[in-house]
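One structure below.
Since the structure is predicted, the reported quantities are computational estimates derived from the model, not experimental observations. Throughout, protein chains are lettered first and strands after them, A, B, ... in sequence-line order, and every chain is numbered starting at 1.
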2 protein chains.
Amino acid sequence: MPKVGIEDLRRRQLIAATITSIHEEGFANATISRISKNAGMSGGIVAHYFDDKAGLLAATMRSLAQDLLRETVKRLKAAETPEERIDAVILANFSVEQNDPETVSAWLAFWAEARSAPALWRIQKINERRLLSNLCHAFRQLLPEDEARMAAAGLAAMIEGLWLRCALSHGPLTIDQARLIARDYVARFLNTSA
Amino acid sequence: MPKVGIEDLRRRQLIAATITSIHEEGFANATISRISKNAGMSGGIVAHYFDDKAGLLAATMRSLAQDLLRETVKRLKAAETPEERIDAVILANFSVEQNDPETVSAWLAFWAEARSAPALWRIQKINERRLLSNLCHAFRQLLPEDEARMAAAGLAAMIEGLWLRCALSHGPLTIDQARLIARDYVARFLNTSA
DNA sequence: TTATTTTGATTGAACGTTCAATCAAAAAAA
DNA sequence: TTTTTTTGATTGAACGTTCAATCAAAATAA
């Protein structure tokens, strides 16, 4: 039989090559031949592991989402109070892996593409709902219902906005500053004195 | 001799058709033949008015940026206090035109594409800097320097994040709610009593 | 062990499609 | 007329998909 465990390895290699290709040449120029060459393989291999290009792209977006989920769950498990859980979500979104330029390029490309690709749209929606749900649950233990919902929606939007700015604009805004701004926003809801 | 005024008209028609095509079939499927057919013209017309496809795309993104700028300037001119100027920026970004589904699809597509297309990247950067500069200037008249910078960066990120969320999630977050959340954030900086 | 069989992994090329760009000619306006 | 506008056909390149053929490794049998 073929080498054991090769399937998972190849799939991960092709997904990584897809992210790299999207970052370096743009979504439109991330062709099967370029992606597979980038992974050191032949063009036909994509059909073997992902059926077609759409399958590879969907798998890549799912992989990005899972990385963020893993990071979030890891930190949530270590959190004990609602305040710590909110901070865990902030820290997960501003972790080193999530702010890698290639990751950001890929996320952006998939966001745009999802608007006219139902398969990708579903993945995006699941992610979005999870972030909001995590924040909502924690805020509800600290604030009245309507204030909690506002804080959760505001923080979710702010995290995404800060995250984008960090990655898109080289220089002006660092990850450390972004974390600070997000935490400050939370503090303005939780501290009556400030 | 030349049909009077036809050039500007055709350019605007082709740009509008480009935005519609991107929204309806995605950036990758917005081909010259589909765009021109969408505008009720022949394929060759694009070369005549924009040289090539890249020229049409750059002109389309510039047109989107100018629409936002016009909207912002209009509201800034009517504002008299720093508070009103901050609100003007918020209102401009959440105006009806800027949240039209076609406009959002196009912005998102260009945003993603700009990462690997220098010509588009420059347009994006100018826009970004203008938003931050407008906010920074207003906040500096109301807050100490370091707090003003934090408020400006935070609000800029939040506006982008909320705008993105309105665009990506059909339903949960409305433009009205987004406006409310952004204004609440500003109030938390300006009102010592809250 | 050693030889054989089985299975999946991988390639590279062929196929049909689609694209952007080009251009000669027609249509329209001045 | 002269100039601009507009068309629609053409071209060559690049794309995604498909597939027969080859290869390497594992499983099986002796």
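For the pair B:Arg10 CZ and D:dT4 P, the computed distance is 17 Å after rounding to whole Å. The interatomic distance linking A:Leu14 (CG) with D:dG16 (P) rounds to 14 Å, in whole Å. Rounded to whole Å, the distance from CD1 on A:Ile45 to P on C:dT10 is 4 Å. The CZ-P distance, from A:Arg11 to C:dT10, rounds to 13 Å in whole Å. In this structure, the NZ atom of B:Lys37 is 11 Å from the P atom of D:dA9, given to the nearest Å. The interatomic distance linking B:Gln13 (CD) with D:dT5 (C1') rounds to 13 Å, in whole Å.
Residue pairs meeting the side chain to side chain donor-acceptor pair (under 3.5 Å) criterion with at least one partner in residues 56-70 of chain A, sequence neighbours excluded, are A:Asp67-A:Arg70. Residues in residues 101-110 of chain B take part in no salt bridge (Lys or Arg N to Asp or Glu O under 4.0 Å) pair, two or more places apart or across chains.
A close approach under 4.0 Å does occur between a side-chain nitrogen or oxygen of A:Tyr49 and OP1 or OP2 of C:dT10.
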Heavy-atom protein contacts under 4.0 Å, nucleotides 17-22 of chain C, coded B base, S sugar-phosphate only, - none: --SSSB
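If you check the side chains of A:Arg34 and A:Ser21, you find no donor sitting under 3.5 Å from an acceptor.
Remark: side-chain polar atoms of A:Asp184 are not paired, donor with acceptor, to backbone N or O of A:Leu180 under 3.5 angstrom. Within the 3.5 Å criterion, the main-chain N or O of A:Ala109 finds no donor-acceptor partner in the side chain of A:Glu113.
For B:His48, the listed nucleotide lying nearest its side chain is D:dT5; candidates were D:dT5, C:dT10, C:dT11.
Taking the six-membered ring for Trp and thresholds of 30 and 60 degrees, A:Trp107 and A:Trp111 have ring planes inclined between 30 and 60 degrees apart.
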